[in-house]
Each structure stands twice: as structure tokens, then as C-alpha cells.
Amino acid sequence: MPGFYDFRAIEAKWRQKWRDDGIFHVKRDKSKPKYYLLEMFPYPSGKLHVGHLRNYAIGDAIARRKRMDGFNVLHPIGWDSFGMPAENAAIQHKSHPYIWTRNNIDEMRRQFDLMGISYDWSREVATSHPGYYRWTQWIFARMFDEGKAYQKKSFVNWCAHCHTVLANEQVVEGNCWRCDCTVEQQERVGWFLKITDYAEDLLTGLNELEGQWPDRVLTMQKNWIGKSYGAEVDFPIEGGGVIKVFTTRPDTLYGATFMALAPEHPLAMELAKGTELENDVKNFVKQTIAQDKTERTADGVEKSGVFTGRYATNPLSGELIPIWIANFVLIEYGSGAIMSVPAHDQRDFEFATKYDLDIKLVISPDEESVNKTPEQLELDSDALVEAYTGDGVMVNSGPFDGLHNREEGIDRVVAYLQDKGIGKRTVNYRLRDWGVSRQRYWGAPIPIVHCGECGVVRVPDDQLPVVLPTDIEFPENGLSPISGLDSFINTRCPKCDGPAKRETDTMDTFMCSSWYFNRYTSARCDTTMADMEDVDYWMPVDQYVGGIEHAILHLLYARFFTRFLKDIGAVGVAEPFSRLLTQGMVIKDGAKMSKSKGNVVPLDDMAQRYGSDATRLFILFASPPERDLEWSDDGIDGAFRFLGRVYRLIDTNIDTIRGGGEPPEGLDGLPGNLADLRRTTHKTIARVTADFEKFHFNTSIARIMELLNKLTTALKPTDDPVACAVFREAAEAMVVMLQPFTPHLSDELWERMGNNGYVIDHPWPKADPRCLVEESIVIVIQVNGKLRGRLNAPVDISREDMEKMALANEKVADFIKGKTIQKVVVVPGKLVNIVAR
RNA sequence: GCCGGGAUGGCGGAACUGGUAUACGCAGGGGACUUAAAAUCCCCCGGCGCAUAGCGCCUUGCGGGUUCGAGUCCCGCUCCCGGCACCA
């Protein structure tokens, strides 16, 4: 049946051809500029829905377009296939995570292929494959050797439901990022990566990403790293020892009237030992630590504390100040101890008021305060109803009195401390080391052996990978199956060959995803993590596409890994992702589309009803990429109708189109209607090209729809070779520009129009400036800024003529009747505004 | 509380650098084709008013301002979304 858009047959046919010809298979080729386009690889959770598709449809459009621009495009895909859902599903179905994962990967691979995404499947990786995690372990080993991976006992985030430790980045508002359960603090031994060694570098690196990454991602990372400038100061404890504090306000040191330790601080219990307050302290510490962190740090929670019975000396004023333990002091920030300046810090103020501690004003907004007596200043302190956190003149501060706190005070106090050897200028970061031990099974084993003789020994490179045993059973108690698996645990020490035990914790899966983009450059390399020549050719990723939810997690970790890998010479770049696009969520019925919400639209259904092309087209048309997208079942109908119209128009006029050769140059000599069509064709090319550059796919598609509307009215059966040529040019431009969105249909129509090869290998069309020339222009006429008429005028009309034409206009006359013309504004080639009052 | 982002027809969304607001699509209405329906094609479609082939007024969350002219710039609000939040 002519004109019937048989998308099922068309899509199957072209996918087969692409596969047979291996057209997405790329090789390193130094004669061509490279372009590395990457979408964040998925966790293989099962069936894909249209919400998932968005990420890949955006990436594919860019990858296809770049190839048309002559780039050697690397567009790979793989699977972030270690992780808890597989393990949980396996436990539930009495199966094995390996089976579950493999089945899901097979299913998702099929669906990606069904969508016609231009992946080079020969580079597919799966993080749970020993050929991959061998190199994750290898990187861990390098980190161990460089002192960047270490073991320590500390308070860690524990999710009882998931039965594992979580990194700080994986705790969202006190809850587990996966299961949303409350996270508790537990003291445990675990492995950490020294991401803090890179804090400064990760921060300054953000500068070069400005304009290339979304601002909000940069801001979020900056806040997360949380750099602050200040000083480290030693406070001697009466009776021996010192307490180190970090402060951003050395200028207020004279006002420090007490100290406060975090309950977890090692000195907390020790100081109270032997005093009559020992029991109170013990109770308070126990109670506070037991409290979960959200509760303890929640908004409006009252500050509370307990006196240790001990004193320290304020190193500047020489006064003895009491040492307290306070719930609002955090062990993980700074040194876990603070100097408290109630007059100038709101928290300290509240605490001091509650426990009746001294408040000493040392910064005054009022210049005259310098001349006040100590008694008067004391009265001022008593009069405070809240902390004064602003700037001013230093008072009550010995030799520093009279200095402006910020302009001079901070520097002078720090210089003094440094001089006396009791403090120094320093910066402090909020970023903590990354805890990577997981007490779960389905992850890469940490390549470490514990030997009674040699201690902690890393597994030598030639014994990697440490294979995750697959012949396991899940114990009832929720523990990892390998934690009690003797055949795995018992081994020999690589150093002394004595009996030793394997580490049974596995790695955080974010480690697996922190370097995968390197692996794609030489996915089957078995001598190293990635072949150096390939990494050098392909890295960095030119355009990364993914969800905003990884603004900190994955994107920060990957930046850290890349810096480390550069330091050891394994990669050549420090920043892995030159440009980042974060796509919005797909919303249905007011909520993010997700399996757990039960509002998913399965991809298979859409492919079956409308085809892959229509599904891809709609998801790119409905909203610009960065914004959220409201899924509409009716909307996809429209996309499908549009493709049907494209198909029908070309199919039913195929002879006319095929009759056209190269159109003549420019617009000269073309009859009006053809000149008009040709102008539209080239204008559309110009606009689609520009919009695509900015990834405004929605408007790109809208322009192509306009071209179709125009061509539908213009295209008539004819033998005239010139007309045929103009029709053909329009039809081809449309089909070629649709290729990044609807590749199957484009190739089909391209072939029918008598062309060889694939559209993706055809260059993106160029707008010919000679075809953009307008015959006449519309001049807008306004009176007092209001639209009163439009006129056709020659393109080269002069300002004077524009003004004359406007004033001669009847409508204008009506509106200026009885008024005086005060001014005439002429915008050449655009508009005339007559100001009459 | 602090830091971002946003608010445009019934809906998703357009609008270059301050210069024709509502492109494109959806939904809706009317018509053609058909025995009928689907599909397709054509027309209409922000609101109000009137002397209704037309004309006028109003309209981009609210209130001001700058300007010949503001969806766009400035000031002050409201609401929504996201991030951070006792960070010393």
C-alpha cells in the first residue's frame, strides 16, 4: 500500500543492515578528529521505560550528529552491574545475583538495540565481570601502594536495612540513599580512600569547567568540598596536654570563654576521668552518640552539653576557661573541638546563655567602644540578645584593641600565634575521606589479605583478579555469603606464604563507575587498565550526559579517580568530562517515572505501537533536555503522525523527487513559489543547525515540522527538472536533519530517494547564504509602542523611506489625530515607532 | 535560614542582543472524504467588549521602576522545584 508507514518493517530492516555492516564500530584513527560521547552507564535493573530512554536518546542524537560533522565518534555502553538490587532480588527469588544481572543485561541490550542507539557494542563492559573488576582491584592496589587507600576505625554510617556501611555522599538527609532508612553511627574498621588529598585540586579544577558544566553542579560540588580559611590554635589543658581547634575567626580569640568537644572526641571521656563529673559525662556522651545523626542535628534541636570539670587556658587572654562537651560539635569537622565565642557566634551564644557561661564582647560595631572601660564592655556583653556576627573594631583584646577585625585583626592575630608557635594559618575542608568497604556480597572483592605475621598485605598484581566466588549461599542472618566462606577466606600470605585470611568486605560500586570511561577506549585490553595510546587518543569524554542525581556522588568520585590515575601515569588528563549535560526527569502523573512509583511507560509498548523513531522523537520534542519532561500518551501520537506525514509525502511523490538533480545556484531565476520553498529549506537548515548546537532538540524538531508543512503545500507532481530539484533538496534536507532523531526512517527514505549508503555518513547540510536572501521585508509600525500596522517594503529600504511610509499610513493618522509627534524611532529593516502625545 | 533554578493559552512548550507575545505539537470545535467508523486532508482555536467580513481594549505569577518600546533589564513581593543546612 503506497503511503503506508510500515515502521515495524522499516526499523527491523535498517537495524539489521547497520549490524551487518558494523557501522558503529569505531577504531582509533589519528587522521580524524575524535569525539567521545558518553551517557552515564545504567544499572541493569531489568526492563527499560521511556524515562530511561531520555538519557540515551539525547546522547544518541549528539553522537549521530557529530559523526555527520566528520568526527570519529566513540559512543560506547556498558553495565554498572555490581550492587545491591541484584543481591536482594537473588535472595528474594532464591537465585543468584549473577543470573539476575545477566538476564537483565540481555534484556536491556535488546532494548537499546531496538531503539537504534548507535553503540559500538564491541566495547561493552560490565563492572561485575572479572575482566573488568580485575582493573578496579588493580586501581585499589595502586592506591594502597601510594598510601591513598587505608584502613581505620571510625564512626561510620550504617544502614541496618541494607546491612552495610555507606559513604557520606550516600547519606541523604540522614537516610540511606537507596532504601531511605535511617542511618546510624557505628564504630567500625573499614577501608577509606584519601579523596581529601585532592580536595584543593578538585575544587580549583571546577574553574576550568565553568560554562561547560551546569552551574548548579559546580556549586554543589564546591559546597560539598566546603573550603574555609582560618587558623588552627592550640589550647593548653590545665594539668597537661593540648586541645587543637580550627576557627575561621581568629579575630575573636580573646572572646573564647569556654571550649566544647564533640561527644565522640577521644579526650571527652579521658578529661572527666577521676572528677566527680565522670558519671554525668559518661551518660551524656553515651546518650548523644546513641542518638541518630538526623535527630541530633535536626533544625531547632536544643543545644545541650556537660561540663568535664576541667579547664584550658585561652592562649591569648591567659584566662582559664571551662572545657565542655556539646552535642552540636561534630567529630567529623575540623578537629572535633571548638573554641566558643558566645558574643560572636550564635550557637555558642545559645549554649552560653543556657549554661550561664561568660559572654565577652571582643568585636564592636561602634568605633567609640575602644575607649570604654572593661566594666562598660561587660555591660555591653550582658546587653547582647544574640551574637554579633558582623564586623567591627576589636576591643577587650589586649594589643589588638582598635584594629578592624577583618582588615587587620585576623592577619595580626594569626601572625602572633604563628610567632609564638601556638597556632598557624590553615584551611579546612568539609570533604571527608571516602569509606569504600561494603559488607555485602555482590561487589568487587577488596584485594587485601590479613596475615598474622605480616599484617595487611595487598594481593600482588599477578594474582588479580581476586575472583568473587559464585558458588555461594545466602545465610539467613543477612551477612554476606563470603564473610563465612572458608574456601574464600583461607589463603596464604603473598609475602611469607603463611596462613592468612582474605578481606571479605567488597568495594563500594561507585569505585567501579569511577573509571569505566577509560576502559571503553580499549575494553578488551588484558595487560593494563586501558591501553595508553587509546586512552590518550579518546580521553577526555567530550560530552557526558546523565542525571543530576550524580552531581556529587559519581561525578566527584570520577574526578578524584581520574586525578589519581593521572598522578600514577595511567591516564593523561585530570578532568574526565569536558562538558556535562544533565537531563531533567521524566514525570508522569506528577511523579518521577519509576518502577517503585508504578507509573512507568514500558519502552517495548511504545516501540510496538509507534516505533522506536516516534518514541525517540517525542521524548526529544516534548521538552528541552535540561528541563523536566511531562510524559503524554497523546503527545507521542503527534510525533507518530508527523513521521507518517513525512513518509507519505515522500513516498507518494517519489518520482517527482527522484526526477530532481542539483538545483541551480541561489534564488535568481526561480519562480516565486519555488524561491519561497528554497528559502524556507535553507532557513530551516540554518535554524536547526544553530538550535542543535545548543542541544535545543525541541525547537530543532519544531523547525523541521514547519519545513514539512511548507513542503506539503508546495510539492506537486511535475516533470520540470528545476522544480523537482528544489523539491528534492527540501525533502533530502528534512530527512538528513531528522537522522539524529529518527535514524531508521531517515535511512529508509534516503534510500528510496535514490541515494546510496547511510545518512549518518552524509555530511550535515549547510545553509547557502544566497538562498537566505529575502525579497521583501515586513516593517512593523507602532504608535506609542503599540502595534498599529505592518507594511511590506524592499529589503534595502532607507530609514527616511521607512519613516515616510509609516507617517503616510492611514491607521497611524487615526491614532495621532489631535496629538503632536514628538519623536519617530526607526529600527532599520524592522520597525517604526511614532511617539505622539 | 542560605545558595541555585523556575512561573507564558485548556496542556507540553516558542520568542535572536530590549523591537510583530503565544512558533511547533497536544487537546478541543467545525468541515471534506466514507454506507459508517478509523485513518487522512482543510479551516478555527488567549480573554473581554462592540456598531461583529471588522474594530477596540486587556493579557507572559503579583506590585513598582527604567525605556519611544519590557516575557526579556532593575527594585520589592508571592508561590513552586532542587541543593545545602549547628561546618566552628
Checklist line | Over 12 foreign heavy atoms within 6.0 Å of CZ, A:Arg216 | finding: no
Main-chain N/O of [Y] paired to [X] side chain as donor or acceptor, under 3.5 Å:
{"X": "A:Thr288", "Y": "A:Pro263", "result": "no"}
{"X": "A:Asn314", "Y": "A:Ser317", "result": "yes"}
{"X": "A:Gln170", "Y": "A:Trp177", "result": "no"}
{"X": "A:Asn327", "Y": "A:Ser304", "result": "yes"}
{"X": "A:Ser623", "Y": "A:Asp628", "result": "yes"}
{"X": "A:Thr252", "Y": "A:Gly255", "result": "no"}

Notebook entry, point to check: Any stems for RNA chain B, made of 3 or more Watson-Crick or G-U pairs in a row, each with both distances under 3.5 Å?
Noted result: B:1-7 with B:78-84, B:10-12 with B:24-26, B:28-32 with B:40-44, B:46-50 with B:54-58, B:61-65 with B:73-77
At under 4.0 Å between heavy atoms, what does [X] touch on the DNA or RNA strands: base, sugar-phosphate, or nothing?
{"X": "A:Asp628", "answer": "sugar-phosphate"}
{"X": "A:Ser228", "answer": "sugar-phosphate"}
{"X": "A:Val341", "answer": "nothing"}

Taking the [atom1] atom in each of [N] and [M], what is the distance between them to the nearest angstrom?
{"N": "B:G30", "M": "B:C79", "atom1": "P", "result": "42 Å"}
{"N": "B:U66", "M": "B:C16", "atom1": "C1'", "result": "22 Å"}
{"N": "B:C55", "M": "B:G64", "atom1": "C1'", "result": "32 Å"}
{"N": "B:C3", "M": "B:A85", "atom1": "C1'", "result": "11 Å"}
{"N": "B:U60", "M": "B:G47", "atom1": "P", "result": "15 Å"}
{"N": "B:C74", "M": "B:A70", "atom1": "C1'", "result": "11 Å"}
{"N": "B:G56", "M": "B:U72", "atom1": "P", "result": "25 Å"}
{"N": "B:A7", "M": "B:C73", "atom1": "P", "result": "11 Å"}

Next item on the list: Establish, with yes or no, whether the OP1 or OP2 oxygen of B:C68 is under 4.0 angstrom from a side-chain nitrogen or oxygen of A:Lys823.
Entry: yes
Notebook entry, point to check: For B:G12, does either OP1 or OP2 sit under 4.0 Å from a side-chain N or O belonging to A:Arg627?
Noted result: no
Does some side-chain heavy atom of [Y] sit less than 4.5 Å from a side-chain heavy atom of [X]?
{"X": "A:Tyr5", "Y": "A:Asp613", "answer": "yes"}
{"X": "A:Met394", "Y": "A:Val362", "answer": "no"}
{"X": "A:His265", "Y": "A:Ser335", "answer": "no"}
{"X": "A:Asp345", "Y": "A:Ser340", "answer": "no"}

Item checked: Residue mapping more 5' on RNA chain B - nearest nucleotide basis, A:Lys303 or A:Ser623 -> A:Ser623
Item checked: A:Val825 or A:Ile548, whichever maps to the more 5' nucleotide of RNA chain B -> A:Val825
Next item on the list: Select one nucleotide: of B:A88, B:C84, B:G13, the one nearest the side-chain heavy atoms of A:Arg430.
Entry: B:C84
Notebook entry, point to check: Which nucleotide in the set B:A14, B:C87, B:C68 lies at the smallest distance from any side-chain heavy atom of A:Asn833?
Noted result: B:C68
Whole angstrom value for the distance that separates [atom2] of [N] from [atom1] of [X]:
{"X": "A:Gln346", "N": "B:A85", "atom1": "CD", "atom2": "P", "value": "20 Å"}
{"X": "A:Tyr333", "N": "B:A85", "atom1": "OH", "atom2": "P", "value": "12 Å"}
{"X": "A:Ile636", "N": "B:A27", "atom1": "CD1", "atom2": "P", "value": "13 Å"}
{"X": "A:Gln221", "N": "B:C3", "atom1": "CD", "atom2": "P", "value": "21 Å"}
{"X": "A:Ile834", "N": "B:G69", "atom1": "CD1", "atom2": "C1'", "value": "13 Å"}
{"X": "A:Met220", "N": "B:A85", "atom1": "CE", "atom2": "P", "value": "11 Å"}
{"X": "A:Arg837", "N": "B:G69", "atom1": "CZ", "atom2": "C1'", "value": "10 Å"}
{"X": "A:Lys222", "N": "B:A85", "atom1": "NZ", "atom2": "P", "value": "16 Å"}

Checklist line | A:Gln608 versus A:Arg8, closest heavy-atom pair with distance | finding: O-NH2, 2.6 Å
Next item on the list: Write down the atom of A:Thr699, the atom of A:Asp691, and the distance for their closest heavy-atom approach.
Entry: OG1-OD2, 2.9 Å
Note to self: Give me syn or anti for B:G9, where syn covers glycosidic angles within 90 degrees of 0.
What the structure shows: syn
Enumerate all atom pairs, one protein N or O and one N or O from nucleotides 52-57 of chain B, separated by less than 3.5 Å.
from	atom 1	to	atom 2	distance (Å)
B:C57	OP1	A:Arg788	NH2	3.2
B:C57	OP2	A:Arg788	NH1	3.2

Check: Could you run down nucleotides 20-26 of chain B 5' to 3' and tag each one B, S or - for protein heavy-atom contact under 4.0 Å?
Finding: B--BBSS
Check: Taking NZ, NE, NH1 and NH2 as the nitrogens, is one of them in A:Glu350 or A:Lys303 under 4.0 Å from a carboxylate oxygen of the other?
Finding: yes
